[in-house]
Amino acid sequence: MTPPSPRPHAAPPAPDEPLSARQRDCLALAARGLTSAAIGKRLGISGRTVDEHLMRACRILGVRTRIQAVARLAARTGPDPESRSFLP
């Protein structure tokens, strides 16, 4: 018996494919711990639309979760200038 064939995957995106401004906005707010609903409320869009922006960003960044996307974007662009440190 042969194992089932794996599901086809989309071709990986080009590493230099840019994120849209809205995708960056959603990722920046997700990095601060906001839910999709809270991000949507802040940006004036639905939570479902936020999820779509985050899913597309995940595909562009080559990751599966929003947490991984936030980490990958931070690695590409450096730390958020508004991030807070607990150091004195």
Side-chain angles (χ1 to χ4, degrees):
M1 180 189 261
T2 60
S5 62
R7 294 186 325 197
H9 294 283
D16 58 345
E17 185 177 350
L19 293 172
S20 71
R22 187 61 90 180
Q23 289 165 344
R24 286 184 181 278
D25 292 342
C26 290
L27 282 170
L29 293 171
R32 293 180 181 196
L34 274 67
T35 64
S36 293
I39 293 169
K41 189 172 184 177
R42 188 172 285 192
L43 297 178
I45 57 179
S46 74
R48 180 68 184 130
T49 301
V50 170
D51 290 338
E52 289 292 329
H53 287 304
L54 292 174
M55 285 190 302
R56 286 188 181 104
C58 285
R59 273 185 248 139
I60 290 169
L61 296 170
V63 297
R64 292 186 176 191
T65 68
R66 67 197 286 161
I67 294 170
Q68 291 171 332
V70 166
R72 179 72 50 94
L73 185 62
R76 281 185 174 187
T77 62
D80 180 3
E82 293 185 27
S83 64
R84 295 187 177 128
S85 170
F86 292 104
L87 298 174

Just jot down the side-chain hydrogen bond (donor to acceptor under 3.5 Å, both in side chains) partners of Arg66, sequence neighbours excluded, or say none.
Ser36
From His53 atom NE2 to Leu27 atom CG, the distance as rounded to the nearest 0.5 Å
11.0 Å
Please name all residues satisfying side chain to side chain contact (heavy atoms under 4.5 Å, CB included) with Ile67, sequence neighbours left out, ordered by chain then number.
Thr65
If I take atom OG from residue Ser46 and atom NZ from residue Lys41, how far apart are they, to the nearest 0.5 angstrom?
14.0 Å
Between CD1 on residue Ile39 and CZ on residue Arg42, distance to nearest 0.5 Å
9.0 Å
Rounded distance [0.5 Å steps], CD in Glu52 versus CD in Gln23
10.5 Å
Residues in side chain to side chain contact (heavy atoms under 4.5 Å, CB included) contact with Ala38, at least two apart in sequence or another chain:
Leu34, Thr35
OG of Ser20 to CG of Asp25, rounded to nearest 0.5 Å, is 8.0 Å
Using the rule side chain to side chain contact (heavy atoms under 4.5 Å, CB included), only one of Val63, Leu73, Leu61 pairs with Gln68; which is it?
Val63
